[in-house]
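Note that the structure is predicted; figures quoted are calculated from it, not measured. Because only heavy atoms are used, hydrogens play no part in the values below, and waters and symmetry mates are left out as well, while side chains stay in. Throughout, protein chains are lettered first and strands after them, A, B, ... in sequence-line order, and every chain is numbered starting at 1.
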2 protein chains.
Amino acid sequence: MVLTKWREKILKTIEESEKPLTADEIYMKNNFKPNFSTVYRALKFLENKNLIKSVSFDTGQKYFYSNKKHYHFLYCIKCGEIEVFNKCIATQLEEFINKNFNFKITDHVFYFKGLCKNCKEDEKK
Amino acid sequence: MVLTKWREKILKTIEESEKPLTADEIYMKNNFKPNFSTVYRALKFLENKNLIKSVSFDTGQKYFYSNKKHYHFLYCIKCGEIEVFNKCIATQLEEFINKNFNFKITDHVFYFKGLCKNCKEDEKK
DNA sequence: CCTCGTAATGCAAATGATTTGCATTTTCAA
DNA sequence: TTGAAAATGCAAATCATTTGCATTACGAGG
């Protein structure tokens with residue numbers, strides 16, 4: 001169970017991106033290498049090793065991003081655009097959960113749904 | 001485009017549940033009626049009409065819940081259990097987004113990932 | 001340096017959730 | 001009452017992801 005060259009390449013692709021990526025975006029960015037199954041297996045591997053995280057929006061597709069980043073998202077429900085921001089207020093809520101629930105928090109996901117600037121404009125027409 | 005008896009039944013199922021439900025949970029709760037495609041079409045219809053909302057966790061499966069409820073989630077990454085809570089601190093963040101981004105917020109999704117009480121116990125073994 | 005076992009990869013087929021095309025049935029306004 | 005539009009059922013298709021199996025690469029021990 002090691003960080004092979006492909007896994008390393010995939011991790012690099014993810015870390016260098018300023019947005020979360022889907023499996024096929026990663027596949028394409030690496031010129032369709034390695035094999036698709038290898039991409040998926042690598043993603044699973046990297047996620048288990050806590051090097052990357054994933055989030056899914058409305059589409060049933062997973063988006064992957066580096067664990068080094070603490071992202072939150074603006075997700076456009078019309079065109080699917082994903083914009084990221086970093087400001088986070090989960091800490092207060094975390095205290096609340098720790099106090100009131102028997103649950104061990106390891107991570108959190110937060111995103112706003114709505115309309116991005118383009119789709120917002122479209123609506124006016 | 002009306003609220004037919006099946007759509008109404010499905011909406012009722014969702015509203016009466018204290019947890020978000022998947023399409024097949026809804027299907028089962030209604031004794032496998034109506035047809036699966038009708039369930040999916042009804043869910044899409046209800047979501048467009050803003051009567052229900054959906055969220056997806058790690059599995060690529062959608063969970064549906066009533067729009068009347070403002071849920072947030074504790075999602076167990078091991079067994080998939082979903083617990084809900086209502087406390088919300090999104091408002092402050094919302095102000096921040098409105099001030100700094102050109103994005104029209106229509107909704108938000110928040111959940112903690114982690115281990116539920118059972119899985120937390122399992123880990124100790 | 002060889003070599004053997006384990007882990008990683010490639011390929012094709014399978015899976016699971018969801019969607020779609022099309023034929024049939026229901027609904028409801030004229 | 002009737003005819004068009006919408007809703008439903010059924011089966012097949014789709015999309016993202018996973019799996020089985022044969023092949024290849026890698027690393028420790030000889």
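Comparing the helix axis at one end of the helix from C/dC1-D/dG30 to C/dA30-D/dT1 with that at the other, each defined from 5 consecutive pairs, gives an inter-axis angle of 20° (nearest 10°).
For DNA chain D, the span of nucleotides reached by chain B at under 4.0 Å from its heavy atoms goes, 5' to 3', from D/dA6 to D/dA11.
For A/Asn31 (side chain) and A/Lys33 (main-chain N/O), no donor-acceptor pair under 3.5 Å exists by modelled atom type. With hydrogens and angles ignored, the 3.5 Å screen pairs a side-chain donor or acceptor of A/Asn67 with a backbone N or O of A/Asn50. For the pair B/Asn102 (side chain) and A/Lys117 (backbone), a donor-acceptor distance under 3.5 Å is absent. Within the 3.5 Å criterion, the main-chain N or O of A/Val2 finds a donor-acceptor partner in the side chain of A/Arg7.
In the hydrophobic clustering of this structure, B/Met28 does not group with B/Trp6; members are Ile, Leu, Val, Met, Phe, Trp, Tyr whose side-chain heavy atoms approach within less than 4.5 Å, directly or through other members.
Annotation: proximity of residues 30-44 of chain A to DNA chain D (heavy atom, distance under 4.0 Å) is found for A/Ser37, A/Tyr40, A/Arg41, A/Lys44, numbered in ascending order. In the region residues 46-67 of chain A, proximity to DNA chain C at under 4.0 angstrom, judged on heavy atoms, holds for none of the residues.
With rounding to the nearest 0.5 Å, the separation of NZ in A/Lys104 from CZ in B/Phe112 is 14.5 Å. Between atom CZ of residue B/Phe85 and atom CG of residue A/Leu93 there is a gap of 5.0 Å, rounded to the nearest 0.5 Å.
The number of heavy atoms from other shown groups lying within 6.0 Å of NZ (A/Lys69) is above 12. Counting non-hydrogen atoms of other residues, nucleotides and ligands closer than 6.0 Å to NZ of A/Lys12 gives a total of 12 or fewer. In A/Lys49, the NZ atom is crowded: over 12 heavy atoms of neighbouring residues, nucleotides or ligands sit closer than 6.0 Å.
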Q: Could you go through the ring-ring contact (aromatic ring centres under 6.0 Å, His included) check for B/Phe57 and B/Tyr111 one step at a time?
A: CA-CA 9 Å; B/Phe57 299 93; B/Tyr111 59 92; 4.6 Å; yes
Donor-acceptor pairs are to be reported for all side-chain atoms of residues 70-77 of chain A against protein atoms at under 3.5 Å, with residues two or more places apart or in another chain.
unit_1: A/His70; atom_1: NE2; unit_2: A/His72; atom_2: NE2; d: 3.2
unit_1: A/His70; atom_1: NE2; unit_2: A/His108; atom_2: NE2; d: 3.4
unit_1: A/Tyr71; atom_1: OH; unit_2: A/Glu18; atom_2: O; d: 2.8
unit_1: A/His72; atom_1: NE2; unit_2: A/His108; atom_2: NE2; d: 3.4

Grab the N/O contacts between the protein and nucleotides 25-29 of chain C below 3.5 Å, and write none if there aren't any.
none

